[in-house]
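Heads up, the thing below is written out as structure tokens.
Remember, it's a predicted structure, so these values are computed and weren't measured experimentally. Residue numbers start from 1 in every chain, and the chains themselves are labelled A, B, ... in the order their sequence lines are given, proteins ahead of strands.
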Amino acid sequence: MGNLYLVNKSYGENGLKLAKLDKEAQVVLIQDGVYVDARRFLGSKVKVYAVRDDVLKRGLTDRIANDVEFIDYNELVDLIVGNKVINFA
Amino acid sequence: MAQKNVVVTMNQAPYGSIYYTEGLRAAVGVTSGVDENKVAVVYLGDGAYFTILGVDRKDTDRYIGTLRKQGSRLVVERESLKEKGIKEREVAPEFEIVSRKEVFELINGADFVIDF
């Protein structure tokens with residue numbers, strides 16, 4: 001059970017900056033959050049997910065940083081239920 | 001229900017939306033009631049604009065007064081001030097300036113984190 005940062009675009013940056021300080025952070029880019037640049041987490045222990053549906057319908061599949069894992073809504077619910085949500089979405 | 005530790009993050013600039021007051025109203029709401037939950041209000045990113053001395057606070061002073069009377073902390077993130085070009089001496093006295101690390105510790109230690 002760690003901290004799950006839900007990040008959208010309008011003020012998601014505030015959450016991403018905090019997640020950088022959080023060794024066990026998991027981040028989910030949701031809705032327009034998939035536009036936010038997650039490369040800062042490349043090679044770090046922070047696990048970054050993006051909601052697959054939000055990525056596909058915005059045509060961003062090959063624009064998302066490589067080690068971002070795409071998840072569907074069932075997996076998102078599991079993450080939300082299994083962690084303390086820190087919402088910036 | 002035991003007393004809970006709640007952080008309310010304020011991420012939006014004043015007057016462009018209703019969030020700058022609604023967040024404070026929610027914070028007051030969290031502290032009221034039998035459990036007298038502990039709340040800290042944290043200004044981040046564009047939220048830092050609300051802490052500037054010149055902001056007209058006639059529609060928020062009541063909430064700020066209530067929160068301070070109950071010992072709730074109202075803090076603004078130092079890095080956000082810097083990123084927005086706000087000098088520390090331009091911050092109104094009601095707001096405590098703290099580091100991003102301390103903001104993270106507040107959030108990490110909270111039972112619930114609500115964003116506005």
Side-chain angles (χ1 to χ4, degrees), chain A residues 1-51 54 65 71 73 75-89, chain B residues 4-20 22-23 26-27 30 37 39-51 74-86 95 97-116:
Chain A
M1 164 102 160
N3 294 330
L4 182 75
Y5 296 76
L6 285 187
V7 165
N8 198 336
K9 187 160 163 297
S10 58
Y11 51 80
E13 272 299 327
N14 300 344
L16 292 180
K17 286 169 185 163
L18 290 166
K20 281 262 301 167
L21 304 177
D22 186 345
K23 292 184 214 57
E24 300 154 34
Q26 294 179 82
V27 171
V28 178
L29 305 177
I30 186 166
Q31 295 168 359
D32 277 352
V34 297
Y35 286 117
V36 176
D37 185 352
R39 279 173 300 177
R40 75 195 79 181
F41 294 111
L42 280 178
S44 84
K45 273 195 271 174
V46 174
K47 180 69 189 149
V48 183
Y49 302 97
V51 176
D54 290 330
I71 54 172
Y73 285 113
E75 290 161 306
L76 175 59
V77 170
D78 291 343
L79 281 170
I80 286 172
V81 170
N83 291 283
K84 179 174 117 186
V85 175
I86 300 178
N87 192 54
F88 286 94
Chain B
K4 293 288 182 205
N5 200 336
V6 178
V7 166
V8 176
T9 66
M10 305 289 279
N11 301 273
Q12 305 193 59
Y15 291 104
S17 72
I18 59 167
Y19 292 107
Y20 75 105
E22 288 309 299
V30 166
N37 298 309
V39 73
V41 180
V42 178
Y43 286 86
L44 300 171
D46 284 353
Y49 288 122
F50 179 73
T51 67
L74 289 109
V75 307
V76 56
E77 187 186 71
R78 174 170 292 118
E79 288 83 345
S80 289
L81 291 173
K82 208 155 173 250
E83 283 151 19
K84 302 296 167 185
I86 302 167
F95 304 99
I97 300 171
V98 300
S99 67
R100 177 165 294 155
K101 189 163 181 324
E102 191 173 347
V103 167
F104 168 64
E105 274 143 23
L106 270 173
I107 282 177
N108 201 37
D111 297 303
F112 298 104
V113 180
I114 316 169
D115 59 306
F116 283 86

Interface moiety of A:N87 toward chain B, non-hydrogen atoms closer than 4.5 Å: both
Part of B:D111 lying under 4.5 Å from any heavy atom of chain A: backbone
Toward chain A, the part of B:F116 with a non-hydrogen atom under 4.5 Å: backbone
Beyond-backbone contact of A:L18 with B:I107, side-chain heavy atoms, under 4.5 angstrom: yes
Student check: side-chain heavy atoms of B:R100 and A:K17 closer than 4.5 Å: yes
Nearest-0.5 Å distance that lies between atom CG in A:N14 and atom CD in B:E79: 11.5 Å
Structural part of A:A19 lying under 4.5 Å from a heavy atom of chain B: neither
Chain A interface, residue from B:D115, B:L44, B:D46 that has the most non-hydrogen pairs under 4.5 Å: B:D115
More than 12 heavy atoms from other groups under 6.0 Å of OH on B:Y19: no
B:K101 (side chain) donor-acceptor with A:L21 (main chain) under 3.5 angstrom: no
Heavy atoms from other residues, nucleotides or ligands near NZ of A:K9 exceed 12 (cutoff 6.0 Å): no
Contact check, side chains of A:E13 and B:E83, non-hydrogen atoms, under 4.5 Å: no
Distance, nearest 0.5 Å, that separates CG of B:N108 from CD of A:E24: 7.5 Å
